[in-house]
Amino acid sequence: MPKGKIIESIIQKSVELGARRIVPILSERVMTQLDGDDAEKKRDKWQQVAVEAIKQCGAAWLPRVEAPVTPAQFIARQEKFDLLLVGSLQAERRHPREVLREFETRNGRLPNSVGVWIGTEGDFSLDELKVIQAGGRIADFARPARAARGDGDDLCLSS
């Protein structure tokens, strides 16, 4: 989860791109750690950022912004998506277009729901990637090194 105004910018861009839900992830490499009360206050603030963004862009729906969770907490929910993607700086990853094309070929349609995991500037740790991948069938995609700044360059995938 990026700190300061960066997370607010990511929320604004996510709203503009049509995300239905935003779940900030507290990974090992984040600078910001929040307890329950602080997390809920931040969630309220971020939801208001989403409200302001929808007023500006006229999006069709207001996404729900959730309180930050760890990867393990999110996986424990056992949520179902047609396709799960995790952005990684690891070299052996594929372009998102390839992953979507493969899904469409295999299923005869595009996914109705997509979960997208985007790590922090330094990427997810290897242990976090293992937790995420253990949570279900995940398709890895390559994040360009320039996108690893944590300022929302990856958001094109949330639309």
Side-chain angles (χ1 to χ4, degrees), residues 1-47 49-50 53 62-100 102-103 111-159:
M1 183 184 80
K3 59 184 178 176
K5 298 285 183 189
I6 295 173
I7 186 69
E8 292 179 16
S9 177
I10 290 171
I11 291 167
Q12 289 170 341
K13 299 303 178 198
S14 296
V15 170
E16 291 169 6
L17 289 168
R20 293 204 180 255
R21 186 169 57 143
I22 301 162
V23 185
I25 298 294
L26 293 171
S27 65
E28 293 174 13
R29 295 181 177 157
V30 298
M31 302 296 278
T32 307
Q33 297 294 331
L34 303 171
D35 64 22
D37 289 339
D38 287 340
E40 196 55 38
K41 287 177 188 173
K42 288 286 190 184
R43 191 214 66 79
D44 291 343
K45 178 181 178 182
W46 296 333
Q47 188 66 55
V49 169
L62 177 65
R64 184 175 77 230
V65 180
E66 295 186 13
V69 295
T70 65
Q73 289 169 324
F74 188 85
I75 293 296
R77 298 176 181 182
Q78 298 183 350
E79 296 188 29
K80 302 295 181 208
F81 298 92
D82 283 352
L83 179 63
L84 286 170
L85 300 171
V86 62
S88 178
L89 297 173
Q90 305 298 318
E92 67 277 359
R93 306 305 187 217
R94 300 177 294 155
H95 193 282
R97 230 177 277 127
E98 291 177 40
V99 176
L100 288 168
E102 180 182 294
F103 181 93
N112 292 321
S113 61
V114 179
V116 181
W117 290 80
I118 304 291
T120 60
E121 291 180 45
D123 206 4
F124 289 112
S125 71
L126 292 178
D127 288 340
E128 287 172 325
L129 285 172
K130 288 177 187 174
V131 167
I132 293 166
Q133 290 167 336
R137 183 171 164 75
I138 303 282
D140 297 324
F141 68 88
R143 291 175 67 197
R146 65 168 178 68
R149 297 184 314 234
D151 62 1
D153 284 354
D154 294 305
L155 285 176
C156 63
L157 287 165
S158 69
S159 64

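Along the sequence shown, the residues carry numbers beginning at 1.
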Original post:
From Ser27 OG over to Ile118 CD1, what is the distance, rounded to the nearest 0.5 angstrom?
Top reply: 12.0 Å
Original post:
Are any non-hydrogen side-chain atoms of Ile25 and Val69 less than 4.5 angstrom apart?
Top reply: yes
**OP:** Any chance you could measure Ile10, atom CD1, to Ile22, atom CD1, to the nearest 0.5 Å?
**Re:** 9.5 Å
Original post:
Glu66: what forms a side chain to side chain donor-acceptor pair (under 3.5 Å) with it, not counting sequence neighbours?
Top reply: Arg21, Arg64, Arg77
**OP:** Using the test side chain to side chain donor-acceptor pair (under 3.5 Å), find all partners of Thr70 that sit at least two apart in sequence or belong to another chain.
**Re:** Gln73
**OP:** Using side chain to side chain donor-acceptor pair (under 3.5 Å) as the criterion, list what pairs up with Asp127, not counting sequence neighbours.
**Re:** none
**OP:** List the atom of Pro71, the atom of Glu128, and the distance in Å for their closest heavy-atom pair.
**Re:** CG-OE2, 4.1 Å
**OP:** Under the salt bridge (charged side-chain N to carboxylate O under 4.0 Å, His left out) rule, collect the residues that match up with Glu16, sequence neighbours excluded.
**Re:** Lys13
Original post:
By side chain to side chain contact (heavy atoms under 4.5 Å, CB included), which residues pair with Ala50, not counting sequence neighbours?
Top reply: Ile11, Val15, Gln47, Leu62, Val65
**OP:** Check side chain to side chain contact (heavy atoms under 4.5 Å, CB included) between Asp82 and all other residues, then give those that pass, not counting sequence neighbours.
**Re:** Phe103, Arg109, Pro111, Asn112, Ser113
Original post:
If you take all heavy atoms of Pro68 and Trp46, which pair is closest and at what distance?
Top reply: CG-CZ3, 3.6 Å
Original post:
Between CG of Leu83 and CG of Leu100, what distance do you get to the nearest 0.5 Å?
Top reply: 6.0 Å
Original post:
Does Phe74 have any ring-ring contact (aromatic ring centres under 6.0 Å, His included) partners at least two apart in sequence or in another chain, and if so, which?
Top reply: Trp117
**OP:** Considering non-hydrogen atoms only, spot the tightest contact between Ala67 and Val23 and give its length.
**Re:** O-CG1, 4.4 Å
